[in-house]
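Since the structure comes first, as structure tokens, the remarks are kept for the end.
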Amino acid sequence: QARLVESGGGLVQAGGSLRLSCVASGNIGSINAMGWYRQAPGKQRDLVATITSDGSTNYADSVKGRFTISRDNAKNTVYLQMNSLKPEDTAVYYCNADIREWGRLTYLTYWGQGTQVTVSS
């Protein structure tokens, strides 16, 4: 079975940078879109950025110009470079990916376990 594992979260001061990584592993036939979402305490999970298999990207307005999503298809990995971080970026960040496992015909959406990002003022 496929799974996603995030890394790279932590505590950073406002104005600082962090880079999140998410590796897909397991029974992977192909991966379509990959993305990052975040959930602050007491709030819903919101989209941060997505990237298609051919590299087309989409960002939430709140992170445009500060965050960059990228992926390495050979490594089944998606990254989120976060610059000029603000306290309001504090949240648990989750990656997701649409994965077709070997032997199956359809894509399913998988989620990672989340990584905490805390930005202090």
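Ion pair D61/K64 flagged as a salt bridge, since at least one NZ, NE, NH1 or NH2 atom sits closer than 4.0 Å to an Asp/Glu carboxylate oxygen.
Residues meeting the side chain to side chain donor-acceptor pair (under 3.5 Å) test with N73, sequence neighbours left out: R71. By the salt bridge (charged side-chain N to carboxylate O under 4.0 Å, His left out) test, D54 is found to be paired with no residue, residues two or more places apart in sequence or in another chain being considered.
When side chains are defined from C-beta on, R100 does not count as touching L108, because their heavy atoms never get closer than 4.5 Å. Using a 4.5 Å heavy-atom threshold, the side chains of T118 and V12 count as separate. Contact of the Q113 side chain with the Y94 side chain is not registered, since no non-hydrogen atoms from C-beta on lie closer than 4.5 Å.
Listed by first and then second residue, the salt bridge (charged side-chain N to carboxylate O under 4.0 Å, His left out) pairs that reach into residues 112-121 come to none, sequence neighbours excluded. For residues 102-121, the pairs satisfying ring-ring contact (aromatic ring centres under 6.0 Å, His included) are Y37-W111, with sequence neighbours left out. Screening residues 45-89 for ring-ring contact (aromatic ring centres under 6.0 Å, His included), with sequence neighbours left out, gives no hits. Applying the ring-ring contact (aromatic ring centres under 6.0 Å, His included) rule to pairs touching residues 1-35 yields nothing, sequence neighbours excluded.
More than 12 heavy atoms of other residues, nucleotides or ligands shown are found within 6.0 angstrom of CZ on R45.
If you check the side chains of N83 and S17, you find a donor sitting under 3.5 Å from an acceptor. A donor and an acceptor atom, one from each side chain of T77 and D72, are nowhere located under 3.5 Å apart.
Applying the side-chain contact (heavy atoms from CB on, under 4.5 Å) test between R38 and each of V92, D89, V117 identifies D89 as the sole match.
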